[in-house]
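Data block below; observations after.
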Amino acid sequence: MSLDTAERRQLLTLARGSIESALATDGALSPFYETQLVPALTVRRSSFVTLRRGDELRGCCGTLEAPRPLAEDVWRNAWAAAFSDYRFPHL
């Protein structure tokens, strides 16, 4: 599956939103609410979210299966990379 620039930007916005909302709630995963998503992001797909600080890995979590729509998968994996990757302290 190939995503265009606007779709990739929307996923990045979702990932940032997931992390920002968790930072505001002491690390709690906020519910995902579908907003106006382009159709490509509503298809069941798997994802991996990698966080970096400069060139250093800071967190990475993902799914191999496609358990939910891509937008929601990115939302959950962004949170997991920031707060649930056992290799790193929580943000």
Side-chain angles (χ1 to χ4, degrees):
M1 178 175 151
S2 181
L3 300 174
D4 66 27
T5 301
E7 294 162 341
R8 291 192 308 262
R9 283 189 182 137
Q10 191 169 14
L11 288 177
L12 183 57
T13 298
L14 286 169
R16 285 181 176 152
S18 174
I19 294 169
E20 287 173 358
S21 67
L23 287 169
T25 59
D26 202 26
L29 174 62
S30 298
F32 175 76
Y33 297 106
E34 281 192 41
T35 55
Q36 295 179 343
L37 298 172
V38 296
L41 304 185
T42 64
V43 176
R44 292 171 68 99
R45 300 282 184 206
S46 59
S47 68
F48 275 80
V49 173
T50 301
L51 303 179
R52 295 186 175 276
R53 175 176 274 169
D55 291 334
E56 299 289 321
L57 179 65
R58 174 54 192 83
C60 183
C61 290
T63 52
L64 296 175
E65 303 286 322
R68 58 191 144 252
L70 179 58
E72 183 179 358
D73 202 56
V74 167
W75 178 269
R76 290 174 176 270
N77 287 330
W79 174 85
F83 297 96
S84 190
D85 187 334
Y86 66 88
R87 300 170 292 176
F88 302 96
H90 301 171
L91 288 182

First locate atom CZ of F32, then atom OG of S21, and finally report the distance between them rounded to the nearest 0.5 Å. 11.5 Å

For R58 and H90 the tightest heavy-atom approach is NH2-C, 3.4 Å

Compare every heavy atom of A15 with every heavy atom of V74, then report the nearest pair and how far apart it is. CG1-CB, 4.0 Å

Where the side chain of R44 meets the backbone of P69, is there a donor-acceptor pair that is under 3.5 Å apart? no

Verify side chain to side chain contact (heavy atoms under 4.5 Å, CB included) between T63 and R68, making sure each step is shown before the conclusion. CA-CA 10 Å; T63 52; R68 58 191 144 252; 3.9 Å; yes

Please check if atom CG in D26 has more than 12 non-hydrogen atoms from other residues, nucleotides or ligands closer than 6.0 Å. no

Decide whether I19 and F88 are clustered together by the hydrophobic rule: side chain heavy atoms of Ile, Leu, Val, Met, Phe, Trp, Tyr closer than 4.5 Å, transitively. no

Indicate yes or no for a side-chain donor-acceptor contact from T42 to the backbone of P39 under 3.5 Å, with no hydrogens or angles considered. yes

Quick check: is L14 connected to F48 through a chain of hydrophobic side chains (ILVMFWY, heavy atoms under 4.5 Å apart)? no

For L37 and Q10, which heavy atoms make the closest approach, and how far apart are they? CD2-NE2, 3.3 Å

Roughly how far, to the nearest 0.5 Å, is the CG atom of L3 from the CZ atom of R9? 13.0 Å

Do any N or O atoms from the side chain of D85 and from the backbone of C60 form a donor-acceptor pair under 3.5 angstrom? yes

Interatomic distance, S84 atom OG to W79 atom CH2 [nearest 0.5 angstrom]: 4.5 Å

Distance col, row R16:CZ vs L12:CG, nearest 0.5 angstrom, shows 4.0 Å

Looking at every heavy atom in both A71 and L11, which two are closest together, and how far apart are they? CA-CD2, 4.0 Å

CZ on F83 to CG on L23, rounded to 0.5 Å: 4.0 Å

C61 side, atom SG; R87 side, atom CZ - distance, nearest 0.5 Å: 7.0 Å

Between D73 and S47 (side chain of the first, backbone of the second, donor and acceptor by atom type, cut-off under 3.5 Å), is there such a pair? yes

Mind checking what makes side-chain contact (heavy atoms from CB on, under 4.5 Å) contact with R45, not counting sequence neighbours? M1, V43, L70

